[in-house]
There are 4 protein chains.
Amino acid sequence: MTRRSRAQQRELTCQRILDAATEVFAEHGYAGASIDAITARAGYSRGAFYSNFTDKTELLIRLTQRRIDTFAEQELPDALSLPPEERVQLVARWLSAQEPPIESLLAVELARLRDDDPDVAATLDRVFEAIFDSVDRLVGIQGSGLAELPRAERRERVVAIVAGVTGANLLRQLGVAVDARTLELVLTGVLDPDGEVVA
Amino acid sequence: MTRRSRAQQRELTCQRILDAATEVFAEHGYAGASIDAITARAGYSRGAFYSNFTDKTELLIRLTQRRIDTFAEQELPDALSLPPEERVQLVARWLSAQEPPIESLLAVELARLRDDDPDVAATLDRVFEAIFDSVDRLVGIQGSGLAELPRAERRERVVAIVAGVTGANLLRQLGVAVDARTLELVLTGVLDPDGEVVA
Amino acid sequence: MTRRSRAQQRELTCQRILDAATEVFAEHGYAGASIDAITARAGYSRGAFYSNFTDKTELLIRLTQRRIDTFAEQELPDALSLPPEERVQLVARWLSAQEPPIESLLAVELARLRDDDPDVAATLDRVFEAIFDSVDRLVGIQGSGLAELPRAERRERVVAIVAGVTGANLLRQLGVAVDARTLELVLTGVLDPDGEVVA
Amino acid sequence: MTRRSRAQQRELTCQRILDAATEVFAEHGYAGASIDAITARAGYSRGAFYSNFTDKTELLIRLTQRRIDTFAEQELPDALSLPPEERVQLVARWLSAQEPPIESLLAVELARLRDDDPDVAATLDRVFEAIFDSVDRLVGIQGSGLAELPRAERRERVVAIVAGVTGANLLRQLGVAVDARTLELVLTGVLDPDGEVVA
DNA sequence: TATGAATGAGAGTTCATTCAT
DNA sequence: TATGAATGAACTCTCATTCAT
């Protein structure tokens, strides 16, 4: 009845739809997830969706933003407060605990929509910026030998880390068992400042 | 009378459609790739597709099989004939040269169709079996310290490698520059037998 | 606010689509009647059909049920309230007044779909049960000499009547002039309890 | 190799295709019977069809003509040579022995195509002419009281008979057991010259 | 805000037909 | 004559979206 409860109600509806969308995207992909399937799982009719989102693209954008924000606001500060040698563990553990692991999926779909939608382009840029920046901060602060590497080489390591995490994420989505230890193996290998690339 | 026999003609049509499908899948994904768009790019009408494939699922299966076979028949033998320390480079170079990098994409789509189609399940099993087996052979032969690792740990390394490669593949699809050197960085780190996992 | 409630509106749409389907089926048959042609004739778009029916098969089922119900609820009670000697006239007149005469057609199509669809099988059973039962009641009540015939023979007469009516129906559909009098001729001949079959 | 064997070969192919078409039409209807299904059942590829028929419509026409001719050439002469009181039995027995009973079906399909195709119109006219004429001859020759009836009334009886036979045919196609005796019951009733129509 | 009937573009698929072999 | 690859129109059905309620 109050103005506040209205806003809260709206927020609740949005969150439920985003939660449902997360599941349905994981199961059927973005294209295969119908608005009906999503709202039905959230316990609403399709009209509720269009009262809260302009279209399906916006759903993808807001879902992606929510996932980035969760990491940036909840995990990153914790990790940065730890000594460098413990950060990798914390992050690896958090990454391997995310269910369902749809980050890669969302990124692929955003990439496809990029050219048609400026909002998508902005979100996608923000996603990558946030990811590479986070990794760089996790990795590059004093204490780690990597901080002294030339910028280009350090960037190379960051990309390698993101590749490893992204791939692990995807493998998990495909049903391959990837636990935190395996993720650490990827990260640790890349993070070894003395690691000599064969070539 | 004809330059090409009927069987050859048929084979040519199939290959052209598979080539076109590779491109259109990379651009729009499996669900977003219409049969029309694929056959038009291949220079045929819609019906040509149904003369050569039973349905869209079969297209996905055959495309995936072709990509696995290409690696198994063309690259793997070459790599195995090299000394261990050069194999990683060869494979990394080959992987980063594949255009478009749709392996991850295909795997995700196959995984979605798995439950509905026994052929898909078989193909998917074959994909993973081939990949993990190839990596294990590339990595495990004598000369590399990894050959002496316990089976479970070696498996962990293999998964980590596949994760790295898969992720790099996906990043490339997303427009991130990932060259052979970055890939080697991922692989080399994981392959270091003395690499100590932090945890 | 509205003149009609939602449920009423929905019912109206269904009835209009069923009416249109009746006509288009009569003209082009079940297979030849496209959803587009039906909904266009009803004054709706294609999608309206799928808001109200799950698929084309359901349309056939519901149309058939409507025609049976119309007879069972409107004509049969009237006929049974008449003395036996007037029933045949009433029924014959009603049968020859039905436009378009698609009962036979619907039955043939249902028979084709029977094996693939349990709903169809149930409807078809219900159709025949209703028809043979109605005819038996029309014919068999006291006053008619047929009531005393052995069960098997009476069944034979019922089948013969249905055959005559069905055939007349079909001939009308084919453009042959079949009026109520001709129908009565078929029925009366079969209904003569003293009629001796030649063999 | 000889000219004669060629013609014979062609004839054989046609007959086999017509036989196969009879079965497939009975199972799936005209629209539901694909050229592929028909030629496959006949043991040919679809090309054989187009070497012997101009299109699907011609198949329907020729099939119908074959069935009429079979009756006119094989059964009618036999029946006419019998005394009137035995003719009904012979015809009823022959009618109830035809498998599959698709005459009604063919007539319905021809009627649908009538407006678009002069050949179809001619065939359909010929079908009805042949049927009504045959029945009239079977029934009307001296000895039967019907011969003396006014022309209009006699025509009415003929239509009633055809309706009965057509309906019986259709019921058989729908799986209802209709034997020769039931058919005779229909025919005999209508043929009773003293039968008084109720109205 | 939420509902759900209706819209209509677009998808996968079938199939009569053509034509080079 | 018979084959079968290829064509393309037409069909059933899905689904993002609109809008009156």
Side-chain angles (χ1 to χ4, degrees), chain A residues 5-7 9-10 12-14 31-39 43-57 59, chain B residues 1-2 4-7 9-14 31-39 43-57 59, chain C residues 1-2 4-7 9-14 31-39 43-57 59, chain D residues 5-7 9-10 12-14 31-39 43-57 59:
Chain A
S5 75
R6 279 247 176 119
Q9 184 59 45
R10 188 186 176 88
L12 183 61
T13 303
C14 282
S34 70
I35 304 292
D36 262 28
I38 292 168
T39 50
Y44 294 93
S45 73
R46 94 197 50 164
F49 176 82
Y50 286 97
S51 293
N52 290 281
F53 298 82
T54 63
D55 57 18
K56 205 181 173 186
T57 301
L59 176 64
Chain B
M1 291 295 171
T2 43
R4 294 185 196 84
S5 76
R6 262 200 177 162
Q9 184 61 46
R10 188 184 175 87
E11 178 60 21
L12 182 61
T13 302
C14 282
S34 71
I35 305 293
D36 258 28
I38 293 168
T39 50
Y44 292 94
S45 72
R46 184 176 326 149
F49 175 81
Y50 288 98
S51 286
N52 289 284
F53 299 82
T54 62
D55 57 16
K56 204 181 174 186
T57 301
L59 176 64
Chain C
M1 293 294 172
T2 43
R4 295 185 196 83
S5 78
R6 262 200 177 163
Q9 184 59 46
R10 190 182 173 87
E11 178 61 21
L12 182 61
T13 303
C14 282
S34 72
I35 304 293
D36 258 27
I38 292 169
T39 49
Y44 292 94
S45 74
R46 183 179 326 149
F49 175 80
Y50 287 100
S51 286
N52 289 282
F53 298 83
T54 62
D55 58 16
K56 204 181 173 186
T57 301
L59 176 63
Chain D
S5 75
R6 278 246 177 119
Q9 184 59 45
R10 188 187 176 87
L12 183 61
T13 302
C14 282
S34 71
I35 304 292
D36 261 28
I38 291 168
T39 49
Y44 294 92
S45 74
R46 92 197 51 164
F49 175 82
Y50 287 97
S51 292
N52 290 282
F53 298 82
T54 63
D55 58 17
K56 205 181 172 185
T57 301
L59 176 64

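Bear in mind that the values here come from a model prediction, so they are computed numbers and not experimental data. Throughout, protein chains are lettered first and strands after them, A, B, ... in sequence-line order, and every chain is numbered starting at 1.
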Rounded at 0.5 Å granularity, tell me how far CZ in B:Phe49 sits from CG in B:Asp36.
11.0 Å

From CG (D:Leu12) to CD (D:Gln9), nearest 0.5 Å
5.5 Å

Measure CG/D:Asp36 against P/E:dT14 and give the value in whole Å, please.
12 Å

Here the distance between atom C1' of E:dG8 and atom CD1 of C:Ile35, to the nearest Å, is 15 Å

Dot-bracket, DNA chain E: Watson-Crick or G-U, under 3.5 angstrom, [ ] crossing, | other strand?
.||||||||||||||||||||

E:dT1, E:dT13, F:dG4: which one has an atom nearest the side-chain heavy atoms of B:Arg6?
F:dG4

Let me confirm one number: the CZ-OG1 distance from B:Arg46 to B:Thr39, rounded to the nearest 0.5 Å.
7.0 Å

Contact class for D:Ala33 vs. all strands (heavy atom < 4.0 Å): base, sugar-phosphate, or nothing?
sugar-phosphate

Any chance you could measure B:Lys56, atom NZ, to B:Leu59, atom CG, to the nearest 0.5 Å?
8.5 Å

Would you jot down, in residue-number order, the residues of residues 44-54 of chain B having a non-hydrogen atom under 4.0 Å from DNA chain F?
B:Tyr44, B:Ser45, B:Arg46, B:Gly47, B:Ala48, B:Ser51, B:Asn52

Of B:Asp55 and D:Lys56, whose closest DNA chain E nucleotide lies nearer the 5' terminus?
B:Asp55

A:Leu12 CG to E:dT1 P: how many Å, rounded?
14 Å

Contacts of B:Tyr44 meeting ring-ring contact (aromatic ring centres under 6.0 Å, His included) (sequence neighbours excluded), chain-then-number -> none

For the student: nearest non-hydrogen atoms of A:Tyr50 and A:Asp55, plus distance:
CE2-CA, 4.5 Å

Measuring to OP1 and OP2 of E:dA5, would you say a side-chain N or O of C:Thr13 lies under 4.0 angstrom away?
no

